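If you're wondering where the values come from, they're calculated on a predicted model, not measured in any experiment. First listed ligand is number 1; within each ligand, the first listed atom is number 1.
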Amino acid sequence: MKKISIAGATGYTGIELLRLLVKHPEVETATLTAESHAGKNIADIAPSLRGWVDQTLVKLSPEVAQGCDVLFLALPHTTSMQHVPELLKSDCKIIDLSADYRLHDAQVYGDWYKTPHLNPELLSQAVYGLPELHRDKIKQAQLVANPGCYPTSAVLALAPLMKENWVDAQSIIIDSKSGVSGAGRKLKQTTQFCEANESVSAYGLGEHRHTPEIEQALAGAATGPCTVSFTPLLAPMPRGILASCTARLLPGTAPGAVTDALARAYAGEPFVRVLPPGQWPVTGATAGSNAVHLQAAADTRTGRVIVMSALDNLGKGAAGQAVQAANVMLGLPETAGLTTSGVAP
Ligand SMILES: NC(=O)c1ccc[n+]([C@@H]2O[C@H](COP(=O)([O-])OP(=O)(O)OC[C@H]3O[C@@H](n4cnc5c(N)ncnc54)[C@H](OP(=O)(O)O)[C@@H]3O)[C@@H](O)[C@H]2O)c1
């Protein structure tokens with residue numbers, strides 16, 4: 001059995017990692033860390049884990065990485081980078097769910113996260129953990145930057161079209177609705193029940209930190225830079241992301257070819273489902289699973305393509321994707337621990 005530890009086990013993504021890992025046939029949990037909840041039992045903080053995990057939470061220290069095969073960092077951004085250099089001194093593989101190692105350029109990180117990167121020399125070492133695009137590099141990596149939830153939905157939707165050079169890379173518009181758990185477990189006014197229930201609100205317009213990550217990932221799939229206009233919206237649901245990704249089709253692209261291109265790009269991928277014609281992604285169908293549902297349509301009147309994408313922000317948008325990457329890094333079957341379907345209704 002491979003030994004897995006989780007730093008930040010009491011947050012939403014940490015709890016989701018544990019929910020998946022207790023059913024994983026080839027791993028066992030070693031250390032679980034927390035900050036304000038250190039010293040308590042995980043089941044007292046995450047009642048859904050009662051009867052499945054019975055472990056006392058400890059504070060994060062360099063020793064946590066010793067003797068384990070993979071350490072997940074489910075920590076706030078800027079916290080991960082305070083610990084990673086020390087943690088990397090062990091042989092342990094690290095998967096960071098925060099944004100600290102996703103951007104290649106420390107200047108871009110500093111501009112968007114409003115703080116200088118503490119170890120920019122590690123940015124070139126970190127591999128962007130989207131297996132559908134970077135599986136071979138993930139296999140070799142010691143440090144994986146797990147993609148953000150919004151970027152995963154948008155990049156999987158658009159990357160095949162960028163690769164084919166079918167869309168104008170300066171015309172991309174992404175409108176994306178997220179469930180409230182995307183903001184984490186800490187208290188915030190906008191995520192309280194009375195504020196979020198039965199209401200949809202926009203936030204972070206023109207300055208959401210996932211914007212440069214989406215642009216970087218799509219530029220990597222295309223032949224040049226991309227500019228993305230990104231509108232994040234908070235939707236009254238605990239989990240889920242529904243992204244509407246549109247772009248101008250370049251002359252000569254047959255509108256009907258778009259769905260075929262998606263199907264071709266993801267043939268054989270265990271978690272990406274390109275839906276049959278006429279069916280559209282819905283968040284509920286992916287909830288609790290590691291699936292991404294995609295479908296596209298060409299709007300011939302405006303000359304634009306629309307790709308819809310649905311996933312669970314805690315699943316393929318965070319913990320599920322991290323487990324998938326861990327499986328790749330450890331040489332395990334990629335679907336191990338991830339075979340559950342969506343919880344619908
Ligand atoms: N939520 C999502 O849908 C989602 C999706 C993709 C990526 N992410 C990213 O994943 C990371 C975790 O997100 P989350 O939603 O799980 O956050 P969260 O619910 O706020 O949980 C944060 C975790 O980090 C611990 N922690 C907080 N400050 C710490 C510190 N200074 N030192 C050590 N541990 C500390 C907390 O411990 P205590 O509980 O003991 O305070 C808790 O376990 C974030 O970087 C987030 O951006 C989240």
Side-chain angles (χ1 to χ4, degrees), residues 5-20 31-42 44-46 48-49 53 55-62 64-65 71-84 86-87 94-103 109 112-113 115 118 128-130 144-155 176-188 191 204 208-210 213-214 232 234-235 237-241 243 283 286-288 290 292 311-325:
S5 294
I6 302 172
T10 49
Y12 282 153
T13 60
I15 293 168
E16 185 74 354
L17 278 166
L18 279 165
R19 184 179 76 84
L20 297 170
T31 309
L32 304 179
T33 89
E35 184 66 9
S36 59
H37 294 108
K40 297 177 184 160
N41 189 293
I42 182 71
D44 291 331
I45 310 304
S48 57
L49 297 172
V53 192
Q55 239 173 293
T56 302
L57 297 153
V58 301
K59 287 243 182 190
L60 178 55
S61 69
V64 170
L71 169 60
F72 293 103
L73 302 180
L75 301 170
H77 66 266
T78 74
T79 303
S80 286
M81 65 179 174
Q82 294 168 33
H83 297 276
V84 163
E86 269 307 307
L87 295 168
I94 293 177
I95 300 178
D96 179 26
L97 278 76
S98 89
D100 283 355
Y101 297 93
R102 293 179 198 155
L103 296 170
Y109 180 91
W112 287 81
Y113 286 86
T115 187
L118 296 180
Y128 193 63
L130 198 53
V144 161
N146 205 54
C149 45
Y150 285 127
T152 297
S153 61
V155 172
S176 206
K177 294 163 192 72
S178 171
V180 181
S181 63
R185 209 178 184 192
K186 62 198 170 303
L187 286 178
K188 275 170 83 178
T191 59
H208 195 285
R209 289 159 167 171
H210 285 173
E213 185 184 333
I214 297 170
L234 196 63
M237 54 190 185
R239 299 165 175 249
I241 286 183
T283 56
T286 63
N290 197 44
V292 185
L311 54 71
D312 182 337
N313 56 292
L314 294 176
K316 182 65 174 165
Q321 177 131 274
V323 171
Q324 188 184 349

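- S80 and D96 are linked by a side-chain donor-acceptor pair at a separation below 3.5 angstrom, with hydrogens and angles left out of the test.
- A donor-acceptor pair under 3.5 Å links the side-chain atoms of S181 to the main chain of P238, judged by distance alone.
- Contacts of ligand 1 (protein heavy-atom distance under 4.0 Å) are G8, A9, T10, G11, Y12, T13, A34, E35, S36, H37, A74, L75, P76, H77, T79, L97, S98, R102, C149, S181, G182, G184, R185, N313, L314, G317, A318.
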Please report, to 0.1 Å, the donor-acceptor pairs under 3.5 Å made by any side chain of residues 8-15, with sequence neighbours excluded.
none

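- Partners of Y150 under the ring pair (Phe, Tyr, Trp, His ring centres under 6.0 Å) rule, at least two apart in sequence or in another chain, are H208, H210, F230.
- Applying the salt bridge (Lys or Arg N to Asp or Glu O under 4.0 Å) criterion to R102, with sequence neighbours excluded, gives E213.
- To the nearest 0.5 Å, atoms CG (L17) and CG (L97) are separated by 5.5 Å.
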